[in-house]
Amino acid sequence: MNIQINQLGYTPAMTKTAVLRGKLGNELLVLNAAGEAVLTLPVKADRVNIWEDEVAVVDFSALKAEGVYTLRCGEESSYPFPVTQKPYAACLNALVDMFYYQRCGGEVDARAGVHAHPACHTGLARVYGSDETMEVSGGWHDAGDYGRYIVPAAKAVADLLLGWQWNPAAFVHPNLTELLPEVRWELEWMLKMQRADGAVYHKVSCATFCGMIMPEEEQEELIVSPISTTATGDFAASMAMASRFYQETDPVFAQRMKDAAVRAWDWLAEAEPIMFRNPEGIRTGGYGDRSDADERLWAAVELAITCGDEKYHTYAAKAIAEENRTLVSLGWGNVSGYAALEGMQLAGELGDICRQWVVDAAQQLLEKINAYGICMTDRLPWGSNMNISNDGMVLYQAWKLTGEEKFRIAAEKQLHYLLGVNPVGYCYVSCYGSQPMLRPHHRPSVATGVCVPGLLSGGAASGMMDAVAREKLQGAPAGKSFVDDHESYSTNEICVYWNSPMVALLAGLVED
Ligand code: 9MR
Ligand code: 9MR
Ligand code: ZN
(Lines give C-alpha, C1' and ligand atoms only; values in the text may rest on other atoms or scores of the structure.)
(Ligands and ions follow the chains in the order given, each with its own letter.)
Protein backbone atom coordinates (compact mmCIF):
# COMPACT_ATOMS: atom_id res chain seq x y z
CA MET A 1 0.00 0.00 0.00
CA ASN A 2 1.38 3.37 -0.96
CA ILE A 3 -1.44 5.49 0.38
CA GLN A 4 -1.60 5.21 4.15
CA ILE A 5 -4.71 6.10 6.11
CA ASN A 6 -6.15 5.25 9.50
CA GLN A 7 -7.62 1.85 8.62
CA LEU A 8 -10.38 2.18 11.22
CA GLY A 9 -11.45 5.50 9.72
CA TYR A 10 -12.23 8.88 11.19
CA THR A 11 -14.96 10.88 12.87
CA PRO A 12 -16.46 13.62 10.71
CA ALA A 13 -14.76 16.34 12.77
CA MET A 14 -11.26 14.87 12.87
CA THR A 15 -8.30 16.16 10.96
CA LYS A 16 -7.53 13.65 8.22
CA THR A 17 -4.17 13.27 6.56
CA ALA A 18 -2.95 10.62 4.17
CA VAL A 19 0.68 9.81 3.52
CA LEU A 20 1.48 9.04 -0.13
CA ARG A 21 4.65 7.13 -0.85
CA GLY A 22 6.47 7.72 -4.14
CA LYS A 23 5.47 9.90 -7.05
CA LEU A 24 1.92 8.66 -7.55
CA GLY A 25 0.31 11.61 -9.26
CA ASN A 26 -0.66 15.25 -8.86
CA GLU A 27 -4.17 14.77 -7.57
CA LEU A 28 -5.67 12.81 -4.75
CA LEU A 29 -9.26 11.69 -5.33
CA VAL A 30 -11.60 10.88 -2.50
CA LEU A 31 -14.02 8.28 -3.86
CA ASN A 32 -17.30 7.38 -2.21
CA ALA A 33 -18.72 3.86 -2.02
CA ALA A 34 -20.13 4.24 -5.53
CA GLY A 35 -16.68 5.11 -6.83
CA GLU A 36 -17.53 8.76 -7.50
CA ALA A 37 -15.00 11.44 -6.68
CA VAL A 38 -16.40 13.62 -3.90
CA LEU A 39 -13.20 15.60 -3.43
CA THR A 40 -10.14 16.30 -5.54
CA LEU A 41 -7.06 17.59 -3.78
CA PRO A 42 -3.67 18.69 -5.07
CA VAL A 43 -0.65 16.59 -4.12
CA LYS A 44 2.26 18.80 -3.22
CA ALA A 45 5.20 18.50 -5.60
CA ASP A 46 7.81 19.08 -2.90
CA ARG A 47 7.87 15.79 -1.14
CA VAL A 48 9.65 14.84 2.08
CA ASN A 49 12.36 12.23 2.45
CA ILE A 50 11.70 9.92 5.33
CA TRP A 51 12.82 6.37 6.04
CA GLU A 52 14.08 5.88 2.47
CA ASP A 53 10.86 7.03 0.85
CA GLU A 54 9.79 10.28 -0.69
CA VAL A 55 6.38 10.98 0.69
CA ALA A 56 3.70 13.63 0.27
CA VAL A 57 1.23 14.42 3.02
CA VAL A 58 -2.26 15.35 1.89
CA ASP A 59 -4.86 16.83 4.18
CA PHE A 60 -8.36 15.67 3.32
CA SER A 61 -10.11 17.03 6.41
CA ALA A 62 -12.67 18.67 4.14
CA LEU A 63 -14.26 15.22 3.99
CA LYS A 64 -16.94 15.37 6.68
CA ALA A 65 -19.95 13.42 5.41
CA GLU A 66 -20.41 9.95 6.87
CA GLY A 67 -19.79 7.08 4.48
CA VAL A 68 -17.18 4.63 3.27
CA TYR A 69 -14.40 6.03 1.10
CA THR A 70 -11.24 5.14 -0.75
CA LEU A 71 -8.41 7.47 -1.69
CA ARG A 72 -6.95 7.20 -5.16
CA CYS A 73 -3.85 8.76 -6.69
CA GLY A 74 -2.77 7.66 -10.15
CA GLU A 75 -2.94 3.88 -10.22
CA GLU A 76 -2.80 3.49 -6.44
CA SER A 77 -5.61 3.22 -3.92
CA SER A 78 -5.87 3.20 -0.16
CA TYR A 79 -7.80 0.62 1.80
CA PRO A 80 -11.45 1.60 2.10
CA PHE A 81 -12.20 3.37 5.40
CA PRO A 82 -15.30 4.79 7.10
CA VAL A 83 -16.12 8.29 8.25
CA THR A 84 -18.50 7.71 11.11
CA GLN A 85 -19.35 8.97 14.60
CA LYS A 86 -17.71 6.16 16.58
CA PRO A 87 -15.01 4.49 14.50
CA TYR A 88 -12.95 3.28 17.48
CA ALA A 89 -15.52 1.92 19.93
CA ALA A 90 -14.94 -1.76 19.09
CA CYS A 91 -11.18 -1.32 19.05
CA LEU A 92 -11.20 0.38 22.45
CA ASN A 93 -13.26 -2.50 23.86
CA ALA A 94 -10.77 -4.98 22.48
CA LEU A 95 -7.83 -3.04 23.89
CA VAL A 96 -9.50 -3.23 27.32
CA ASP A 97 -10.48 -6.88 26.96
CA MET A 98 -6.82 -7.65 26.35
CA PHE A 99 -6.28 -7.29 30.09
CA TYR A 100 -8.85 -9.99 30.71
CA TYR A 101 -7.00 -12.30 28.31
CA GLN A 102 -3.80 -11.57 30.24
CA ARG A 103 -5.32 -12.63 33.56
CA CYS A 104 -3.27 -14.90 35.79
CA GLY A 105 -4.50 -16.91 38.74
CA GLY A 106 -8.12 -17.01 37.61
CA GLU A 107 -10.11 -18.73 34.95
CA VAL A 108 -10.29 -17.09 31.53
CA ASP A 109 -13.78 -18.28 30.72
CA ALA A 110 -15.43 -19.79 27.64
CA ARG A 111 -16.22 -16.37 26.19
CA ALA A 112 -12.54 -16.22 25.30
CA GLY A 113 -13.05 -19.12 22.87
CA VAL A 114 -9.87 -21.04 22.10
CA HIS A 115 -8.05 -18.78 24.52
CA ALA A 116 -10.10 -19.89 27.52
CA HIS A 117 -8.01 -21.60 30.18
CA PRO A 118 -8.26 -22.65 33.82
CA ALA A 119 -6.53 -20.67 36.57
CA CYS A 120 -2.77 -20.61 36.03
CA HIS A 121 0.26 -19.99 38.27
CA THR A 122 -1.72 -20.76 41.40
CA GLY A 123 1.01 -22.51 43.38
CA LEU A 124 2.88 -20.86 46.22
CA ALA A 125 5.93 -18.87 45.19
CA ARG A 126 9.27 -19.12 46.93
CA VAL A 127 11.10 -15.98 47.99
CA TYR A 128 14.43 -15.94 46.21
CA GLY A 129 17.30 -17.20 48.32
CA SER A 130 15.10 -18.55 51.12
CA ASP A 131 12.64 -21.32 51.96
CA GLU A 132 9.87 -18.84 52.67
CA THR A 133 6.81 -19.18 50.45
CA MET A 134 4.15 -16.63 49.54
CA GLU A 135 0.69 -16.69 48.02
CA VAL A 136 0.96 -14.20 45.15
CA SER A 137 -1.62 -15.45 42.66
CA GLY A 138 -3.52 -13.02 40.45
CA GLY A 139 -2.67 -10.00 38.32
CA TRP A 140 -1.94 -9.96 34.60
CA HIS A 141 0.77 -11.69 32.65
CA ASP A 142 3.07 -8.89 31.64
CA ALA A 143 3.37 -9.54 27.95
CA GLY A 144 4.06 -12.41 25.57
CA ASP A 145 5.69 -14.07 28.58
CA TYR A 146 4.03 -15.06 31.86
CA GLY A 147 6.07 -12.99 34.31
CA ARG A 148 4.35 -10.54 36.64
CA TYR A 149 6.39 -7.46 37.37
CA ILE A 150 5.54 -4.56 39.69
CA VAL A 151 7.25 -1.76 37.76
CA PRO A 152 5.36 -2.14 34.46
CA ALA A 153 2.19 -3.06 36.38
CA ALA A 154 2.19 0.37 37.99
CA LYS A 155 2.38 2.06 34.61
CA ALA A 156 -0.45 -0.04 33.20
CA VAL A 157 -2.68 0.70 36.18
CA ALA A 158 -1.93 4.43 36.05
CA ASP A 159 -2.71 4.70 32.34
CA LEU A 160 -5.99 2.85 32.63
CA LEU A 161 -7.06 5.00 35.56
CA LEU A 162 -6.11 8.15 33.66
CA GLY A 163 -8.25 6.95 30.76
CA TRP A 164 -11.11 6.47 33.16
CA GLN A 165 -10.49 9.89 34.72
CA TRP A 166 -10.48 11.57 31.32
CA ASN A 167 -13.59 9.94 29.98
CA PRO A 168 -15.44 7.21 31.88
CA ALA A 169 -18.17 7.32 29.24
CA ALA A 170 -15.73 5.79 26.74
CA PHE A 171 -16.01 2.52 28.66
CA VAL A 172 -19.78 2.02 28.48
CA HIS A 173 -19.63 -1.03 26.23
CA PRO A 174 -18.28 -3.80 28.43
CA ASN A 175 -17.49 -6.95 26.53
CA LEU A 176 -15.35 -9.50 28.39
CA THR A 177 -14.60 -7.16 31.27
CA GLU A 178 -15.11 -3.71 32.75
CA LEU A 179 -12.40 -1.22 33.42
CA LEU A 180 -12.34 -0.66 37.19
CA PRO A 181 -12.97 -4.30 38.15
CA GLU A 182 -10.26 -5.34 35.68
CA VAL A 183 -7.75 -2.89 37.15
CA ARG A 184 -8.66 -4.23 40.58
CA TRP A 185 -7.59 -7.69 39.42
CA GLU A 186 -4.08 -6.31 39.09
CA LEU A 187 -4.19 -4.18 42.25
CA GLU A 188 -5.19 -7.16 44.43
CA TRP A 189 -2.13 -9.01 43.17
CA MET A 190 0.14 -6.03 43.70
CA LEU A 191 -1.00 -5.81 47.33
CA LYS A 192 0.21 -9.38 47.84
CA MET A 193 3.69 -8.40 46.65
CA GLN A 194 4.32 -6.07 49.61
CA ARG A 195 6.57 -7.28 52.40
CA ALA A 196 5.52 -6.83 56.04
CA ASP A 197 7.92 -3.91 56.50
CA GLY A 198 6.41 -1.99 53.56
CA ALA A 199 9.00 -2.79 50.88
CA VAL A 200 7.75 -4.35 47.65
CA TYR A 201 9.14 -7.33 45.77
CA HIS A 202 10.17 -6.54 42.21
CA LYS A 203 8.50 -9.47 40.44
CA VAL A 204 7.31 -13.05 40.44
CA SER A 205 8.14 -15.43 37.59
CA CYS A 206 9.72 -18.78 36.92
CA ALA A 207 13.49 -18.77 36.69
CA THR A 208 13.49 -18.64 32.88
CA PHE A 209 11.03 -17.99 30.04
CA CYS A 210 9.00 -21.07 29.09
CA GLY A 211 8.24 -22.31 25.58
CA MET A 212 5.25 -21.28 23.52
CA ILE A 213 2.71 -22.99 25.81
CA MET A 214 -0.55 -21.96 27.48
CA PRO A 215 -0.08 -20.39 30.92
CA GLU A 216 -1.50 -23.25 32.98
CA GLU A 217 1.10 -25.52 31.37
CA GLU A 218 3.95 -23.56 32.87
CA GLN A 219 4.54 -25.63 36.00
CA GLU A 220 8.04 -24.67 37.03
CA GLU A 221 8.63 -23.21 40.46
CA LEU A 222 7.48 -19.61 40.92
CA ILE A 223 10.12 -17.38 42.43
CA VAL A 224 9.60 -13.98 44.03
CA SER A 225 12.60 -11.83 43.16
CA PRO A 226 14.13 -9.40 45.68
CA ILE A 227 12.73 -6.00 46.57
CA SER A 228 13.74 -2.75 44.86
CA THR A 229 13.13 0.90 45.62
CA THR A 230 11.80 1.45 42.10
CA ALA A 231 9.12 -1.22 42.59
CA THR A 232 8.32 0.17 46.03
CA GLY A 233 8.03 3.75 44.74
CA ASP A 234 5.86 2.71 41.80
CA PHE A 235 3.73 0.64 44.16
CA ALA A 236 3.25 3.55 46.59
CA ALA A 237 2.31 5.85 43.70
CA SER A 238 -0.12 3.58 41.92
CA MET A 239 -1.80 2.42 45.16
CA ALA A 240 -2.25 5.98 46.38
CA MET A 241 -3.65 6.94 42.99
CA ALA A 242 -5.96 3.91 42.72
CA SER A 243 -7.28 4.43 46.21
CA ARG A 244 -9.16 7.53 45.01
CA PHE A 245 -10.90 5.65 42.21
CA TYR A 246 -12.45 3.02 44.48
CA GLN A 247 -13.27 5.37 47.35
CA GLU A 248 -16.93 5.69 46.41
CA THR A 249 -17.73 2.12 45.42
CA ASP A 250 -15.58 0.27 47.96
CA PRO A 251 -14.13 2.46 50.73
CA VAL A 252 -12.66 -0.55 52.55
CA PHE A 253 -10.62 -1.55 49.51
CA ALA A 254 -9.64 2.08 48.97
CA GLN A 255 -8.40 2.30 52.56
CA ARG A 256 -6.36 -0.90 52.17
CA MET A 257 -4.58 0.60 49.19
CA LYS A 258 -4.01 3.91 50.92
CA ASP A 259 -2.53 2.16 53.98
CA ALA A 260 -0.32 0.02 51.75
CA ALA A 261 0.89 3.14 49.94
CA VAL A 262 1.72 4.88 53.20
CA ARG A 263 3.62 1.85 54.49
CA ALA A 264 5.58 1.65 51.24
CA TRP A 265 6.41 5.33 51.52
CA ASP A 266 7.47 5.09 55.16
CA TRP A 267 9.87 2.28 54.28
CA LEU A 268 11.13 4.14 51.21
CA ALA A 269 11.80 7.33 53.15
CA GLU A 270 14.46 5.49 55.15
CA ALA A 271 15.86 3.42 52.28
CA GLU A 272 18.90 4.01 50.11
CA PRO A 273 18.27 3.29 46.41
CA ILE A 274 18.10 -0.42 45.56
CA MET A 275 18.18 -0.85 41.79
CA PHE A 276 16.97 -4.22 40.59
CA ARG A 277 19.13 -6.62 38.64
CA ASN A 278 18.22 -10.21 37.94
CA PRO A 279 19.83 -12.31 40.65
CA GLU A 280 21.86 -15.39 39.78
CA GLY A 281 19.69 -17.96 38.01
CA ILE A 282 16.75 -15.67 37.16
CA ARG A 283 16.48 -14.73 33.50
CA THR A 284 13.03 -13.21 33.03
CA GLY A 285 12.28 -9.50 32.43
CA GLY A 286 14.58 -7.22 34.43
CA TYR A 287 12.92 -3.80 34.44
CA GLY A 288 16.09 -2.38 35.92
CA ASP A 289 16.73 1.31 36.33
CA ARG A 290 19.45 3.82 37.04
CA SER A 291 17.53 6.13 39.34
CA ASP A 292 14.58 5.89 41.69
CA ALA A 293 14.20 9.67 42.07
CA ASP A 294 11.28 9.75 39.62
CA GLU A 295 9.48 6.85 41.32
CA ARG A 296 9.83 8.62 44.67
CA LEU A 297 8.59 11.87 43.16
CA TRP A 298 5.52 10.24 41.62
CA ALA A 299 4.74 8.53 44.95
CA ALA A 300 5.02 11.81 46.83
CA VAL A 301 2.66 13.53 44.40
CA GLU A 302 0.02 10.80 44.62
CA LEU A 303 0.24 10.64 48.42
CA ALA A 304 -0.01 14.43 48.62
CA ILE A 305 -3.24 14.28 46.60
CA THR A 306 -4.71 11.26 48.40
CA CYS A 307 -3.63 11.98 51.99
CA GLY A 308 -3.07 15.72 51.92
CA ASP A 309 -0.19 15.58 54.42
CA GLU A 310 2.22 18.47 54.23
CA LYS A 311 5.27 16.16 54.26
CA TYR A 312 4.38 14.68 50.86
CA HIS A 313 3.78 18.11 49.41
CA THR A 314 7.11 19.35 50.73
CA TYR A 315 8.94 16.35 49.27
CA ALA A 316 7.19 16.72 45.92
CA ALA A 317 7.93 20.46 45.72
CA LYS A 318 11.62 19.90 46.35
CA ALA A 319 11.84 16.96 43.93
CA ILE A 320 9.98 18.79 41.17
CA ALA A 321 12.35 21.72 41.53
CA GLU A 322 15.24 19.31 40.97
CA GLU A 323 13.56 17.40 38.15
CA ASN A 324 14.70 18.00 34.61
CA ARG A 325 11.37 19.15 33.20
CA THR A 326 12.12 18.86 29.51
CA LEU A 327 9.86 15.91 28.87
CA VAL A 328 6.85 14.28 30.42
CA SER A 329 8.12 10.73 30.57
CA LEU A 330 5.53 8.00 30.92
CA GLY A 331 7.90 5.10 30.40
CA TRP A 332 8.23 2.22 32.87
CA GLY A 333 11.77 3.39 33.62
CA ASN A 334 11.16 7.10 34.00
CA VAL A 335 7.76 7.76 35.56
CA SER A 336 8.28 11.44 36.31
CA GLY A 337 5.60 12.27 33.76
CA TYR A 338 2.94 10.76 36.00
CA ALA A 339 4.02 13.25 38.66
CA ALA A 340 3.42 15.98 36.08
CA LEU A 341 0.02 14.74 34.90
CA GLU A 342 -1.21 14.02 38.41
CA GLY A 343 0.48 16.98 40.08
CA MET A 344 -1.81 19.28 38.13
CA GLN A 345 -4.44 18.47 40.76
CA LEU A 346 -2.36 19.99 43.54
CA ALA A 347 -3.30 23.40 44.83
CA GLY A 348 -1.05 26.43 44.57
CA GLU A 349 2.24 26.86 42.82
CA LEU A 350 2.97 23.16 42.45
CA GLY A 351 -0.15 22.65 40.35
CA ASP A 352 0.87 25.60 38.14
CA ILE A 353 4.36 24.20 37.70
CA CYS A 354 2.97 20.82 36.64
CA ARG A 355 0.59 22.36 34.13
CA GLN A 356 3.43 24.37 32.60
CA TRP A 357 5.60 21.26 32.56
CA VAL A 358 2.99 19.39 30.51
CA VAL A 359 2.40 22.22 28.05
CA ASP A 360 6.13 22.85 27.52
CA ALA A 361 6.77 19.14 26.93
CA ALA A 362 3.90 18.95 24.45
CA GLN A 363 5.28 21.97 22.62
CA GLN A 364 8.62 20.21 22.32
CA LEU A 365 6.89 17.14 20.93
CA LEU A 366 5.21 19.28 18.27
CA GLU A 367 8.59 20.46 17.11
CA LYS A 368 9.65 16.87 16.43
CA ILE A 369 6.62 15.74 14.43
CA ASN A 370 7.53 13.98 11.19
CA ALA A 371 5.61 13.20 8.00
CA TYR A 372 3.97 10.17 9.63
CA GLY A 373 2.87 12.34 12.55
CA ILE A 374 5.04 10.86 15.28
CA CYS A 375 7.61 12.65 17.40
CA MET A 376 10.62 10.35 16.87
CA THR A 377 12.51 9.73 13.63
CA ASP A 378 16.12 8.67 13.98
CA ARG A 379 15.89 5.84 16.46
CA LEU A 380 12.86 3.91 17.54
CA PRO A 381 13.19 2.05 20.84
CA TRP A 382 11.93 -1.43 21.70
CA GLY A 383 8.21 -0.89 22.18
CA SER A 384 8.13 2.36 20.21
CA ASN A 385 4.34 2.14 19.94
CA MET A 386 4.25 2.71 23.69
CA ASN A 387 6.27 5.92 23.33
CA ILE A 388 3.92 7.01 20.57
CA SER A 389 0.84 6.39 22.71
CA ASN A 390 2.54 8.10 25.66
CA ASP A 391 3.26 11.14 23.49
CA GLY A 392 -0.39 11.11 22.47
CA MET A 393 -1.40 11.24 26.12
CA VAL A 394 0.82 14.26 26.76
CA LEU A 395 -0.43 16.06 23.66
CA TYR A 396 -4.03 15.28 24.60
CA GLN A 397 -3.49 16.66 28.10
CA ALA A 398 -1.90 19.82 26.68
CA TRP A 399 -4.95 20.29 24.48
CA LYS A 400 -7.25 19.93 27.49
CA LEU A 401 -5.22 22.52 29.37
CA THR A 402 -4.84 25.12 26.65
CA GLY A 403 -7.70 24.42 24.23
CA GLU A 404 -5.19 24.81 21.41
CA GLU A 405 -6.19 22.70 18.43
CA LYS A 406 -2.60 22.05 17.38
CA PHE A 407 -2.20 19.77 20.39
CA ARG A 408 -5.38 17.85 19.70
CA ILE A 409 -4.47 17.37 16.06
CA ALA A 410 -1.04 16.08 17.05
CA ALA A 411 -2.58 13.72 19.62
CA GLU A 412 -4.86 12.35 16.89
CA LYS A 413 -1.86 11.79 14.65
CA GLN A 414 -0.36 9.41 17.21
CA LEU A 415 -3.55 7.36 16.96
CA HIS A 416 -3.60 7.50 13.15
CA TYR A 417 -0.01 6.21 13.06
CA LEU A 418 -0.85 3.25 15.28
CA LEU A 419 -3.90 2.41 13.21
CA GLY A 420 -2.32 2.56 9.78
CA VAL A 421 -0.52 5.81 8.89
CA ASN A 422 2.93 4.27 9.22
CA PRO A 423 5.58 3.18 6.71
CA VAL A 424 4.83 -0.54 7.04
CA GLY A 425 1.11 -0.04 6.47
CA TYR A 426 -0.01 -2.18 9.38
CA CYS A 427 -2.79 -1.54 11.79
CA TYR A 428 -0.69 -2.27 14.88
CA VAL A 429 -3.70 -3.50 16.90
CA SER A 430 -4.17 -7.22 16.30
CA CYS A 431 -7.24 -8.30 14.32
CA TYR A 432 -8.32 -4.69 13.59
CA GLY A 433 -8.07 -2.78 10.34
CA SER A 434 -7.54 -3.90 6.76
CA GLN A 435 -3.97 -5.06 7.31
CA PRO A 436 -3.86 -6.11 10.95
CA MET A 437 -0.89 -7.38 12.90
CA LEU A 438 -1.67 -11.10 13.36
CA ARG A 439 1.49 -12.90 14.51
CA PRO A 440 2.53 -11.40 17.83
CA HIS A 441 5.15 -12.78 20.19
CA HIS A 442 2.42 -13.83 22.60
CA ARG A 443 2.37 -17.33 24.01
CA PRO A 444 -1.43 -17.90 24.05
CA SER A 445 -1.68 -16.69 20.44
CA VAL A 446 1.16 -18.93 19.30
CA ALA A 447 0.08 -21.97 21.34
CA THR A 448 -3.48 -21.88 19.95
CA GLY A 449 -2.53 -20.70 16.48
CA VAL A 450 -5.18 -17.99 16.85
CA CYS A 451 -4.26 -14.38 17.51
CA VAL A 452 -5.90 -12.76 20.55
CA PRO A 453 -7.63 -9.58 19.32
CA GLY A 454 -6.85 -6.11 20.62
CA LEU A 455 -3.12 -6.50 21.25
CA LEU A 456 -0.98 -3.47 20.46
CA SER A 457 2.31 -4.56 18.94
CA GLY A 458 5.53 -3.08 20.28
CA GLY A 459 6.13 -1.88 16.74
CA ALA A 460 9.18 -0.77 14.82
CA ALA A 461 12.44 -0.94 16.76
CA SER A 462 15.70 0.15 15.20
CA GLY A 463 18.07 -1.87 17.38
CA MET A 464 17.75 -5.29 15.66
CA MET A 465 17.44 -6.98 19.02
CA ASP A 466 16.35 -10.49 18.07
CA ALA A 467 17.46 -13.05 15.49
CA VAL A 468 14.49 -12.56 13.16
CA ALA A 469 14.94 -8.80 13.16
CA ARG A 470 18.62 -9.22 12.37
CA GLU A 471 17.83 -11.62 9.57
CA LYS A 472 14.87 -9.87 7.97
CA LEU A 473 15.39 -6.21 8.81
CA GLN A 474 19.14 -5.68 8.58
CA GLY A 475 19.73 -2.17 7.29
CA ALA A 476 16.05 -1.20 7.40
CA PRO A 477 15.30 2.40 8.38
CA ALA A 478 13.81 2.94 11.83
CA GLY A 479 10.17 3.27 10.84
CA LYS A 480 10.30 0.07 8.78
CA SER A 481 12.04 -2.05 11.39
CA PHE A 482 9.02 -4.19 12.05
CA VAL A 483 8.14 -7.73 11.13
CA ASP A 484 4.83 -9.43 11.89
CA ASP A 485 6.52 -12.60 13.06
CA HIS A 486 5.97 -14.19 16.45
CA GLU A 487 9.65 -14.88 16.85
CA SER A 488 10.55 -11.21 16.63
CA TYR A 489 10.03 -10.29 20.26
CA SER A 490 11.84 -6.99 19.92
CA THR A 491 9.47 -5.67 17.24
CA ASN A 492 6.29 -7.69 17.69
CA GLU A 493 5.76 -8.60 21.30
CA ILE A 494 2.73 -7.25 23.16
CA CYS A 495 2.54 -5.86 26.71
CA VAL A 496 -0.03 -4.68 29.22
CA TYR A 497 1.80 -1.35 29.48
CA TRP A 498 1.73 -0.88 25.68
CA ASN A 499 -2.01 -1.43 25.47
CA SER A 500 -2.65 0.81 28.48
CA PRO A 501 -1.49 4.18 27.10
CA MET A 502 -3.40 3.51 23.89
CA VAL A 503 -6.52 2.90 25.98
CA ALA A 504 -5.99 6.24 27.73
CA LEU A 505 -5.33 8.09 24.48
CA LEU A 506 -8.40 6.64 22.80
CA ALA A 507 -10.62 7.29 25.80
CA GLY A 508 -9.54 10.92 25.77
CA LEU A 509 -9.91 11.40 22.05
CA VAL A 510 -13.37 9.88 21.69
CA GLU A 511 -14.86 12.37 24.13
CA ASP A 512 -18.01 13.90 22.66
O1 9MR B 1 9.45 -14.59 25.38
C2 9MR B 1 10.44 -13.73 25.87
C3 9MR B 1 9.97 -12.30 25.78
O4 9MR B 1 8.84 -12.10 26.59
C5 9MR B 1 11.08 -11.33 26.13
O6 9MR B 1 10.68 -10.00 25.85
C7 9MR B 1 12.33 -11.67 25.32
C8 9MR B 1 13.50 -10.78 25.69
O9 9MR B 1 13.83 -10.93 27.03
O10 9MR B 1 12.70 -13.01 25.51
C11 9MR B 1 11.71 -13.93 25.09
O12 9MR B 1 12.15 -15.22 25.36
C13 9MR B 1 13.11 -15.74 24.48
C14 9MR B 1 14.45 -15.83 25.21
O15 9MR B 1 14.92 -14.57 25.56
C16 9MR B 1 15.46 -16.56 24.37
N17 9MR B 1 14.97 -17.86 23.97
C18 9MR B 1 13.71 -17.80 23.22
C19 9MR B 1 12.65 -17.13 24.05
C20 9MR B 1 11.33 -17.11 23.31
O21 9MR B 1 11.43 -16.56 22.05
O1 9MR C 1 9.58 -3.14 27.28
C2 9MR C 1 10.90 -3.49 27.62
C3 9MR C 1 11.85 -2.71 26.77
O4 9MR C 1 11.73 -1.34 27.08
C5 9MR C 1 13.26 -3.20 26.97
O6 9MR C 1 14.11 -2.54 26.06
C7 9MR C 1 13.32 -4.70 26.76
C8 9MR C 1 14.69 -5.29 26.95
O9 9MR C 1 15.10 -5.20 28.26
O10 9MR C 1 12.42 -5.34 27.64
C11 9MR C 1 11.09 -4.97 27.43
O12 9MR C 1 10.30 -5.64 28.36
C13 9MR C 1 10.07 -7.02 28.18
C14 9MR C 1 10.31 -7.67 29.51
O15 9MR C 1 11.66 -7.63 29.83
C16 9MR C 1 9.78 -9.09 29.56
N17 9MR C 1 8.42 -9.14 29.18
C18 9MR C 1 8.19 -8.61 27.86
C19 9MR C 1 8.61 -7.19 27.76
C20 9MR C 1 8.32 -6.61 26.38
O21 9MR C 1 9.12 -7.12 25.38
ZN1 ZN D 1 -0.60 -17.17 35.00
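Counting convention: from 1, in listed order, for ligands and their atoms alike. Quick caveat, the model's predicted, so the values are computed rather than measured.
The minimum distance between the Zn ion (ligand 3) and any N, O or S atom of His121 involves atom ND1.
Within the 4.5 Å cutoff, no side-chain heavy atoms of Glu186 are placed close to those of Phe99. Ser389 has its side chain out of reach of Trp498: every pair of non-hydrogen atoms, C-beta onward, lies at least 4.5 Å apart.
Under 4.0 Å from any atom of ligand 1, one finds heavy atoms of residues Asp145, Phe209, Trp382, His441, Arg443, Tyr489, Glu493.
For His115, the ring pair (Phe, Tyr, Trp, His ring centres under 6.0 Å) partners at least two apart in sequence or on another chain are Tyr101.
To the nearest 10 degrees, the angle centred on the Zn ion (ligand 3) between NE2 in His141 and SG in Cys104 reads 100°.
Shown in contact with Trp498 at under 4.0 Å from a heavy atom are these atoms of ligand 2, numbered in order with element: 1 (O), 20 (C), 21 (O).
An N or O contact shorter than 3.5 Å links Tyr497 to ligand 2 by distance.
For the 3.5 Å distance criterion, the side chains of Thr306 and Lys258 fail to qualify, holding no donor opposite an acceptor.
Summarising the local packing, CZ of Arg277 is surrounded by 12 or fewer heavy atoms from other residues, nucleotides or ligands at distances under 6.0 Å.
Ionic pairing of Arg103 and Glu182 is present here: one or more N-O contacts between side-chain nitrogen and carboxylate oxygen are shorter than 4.0 angstrom. Classification of Asp485 and Arg439 as a salt-bridged pair fails, no side-chain N sitting under 4.0 Å from a carboxylate O.
Below 30°, between 30° and 60°, or above 60°: for Tyr428 and Phe482 the angle between ring planes is above 60°, a perpendicular geometry.
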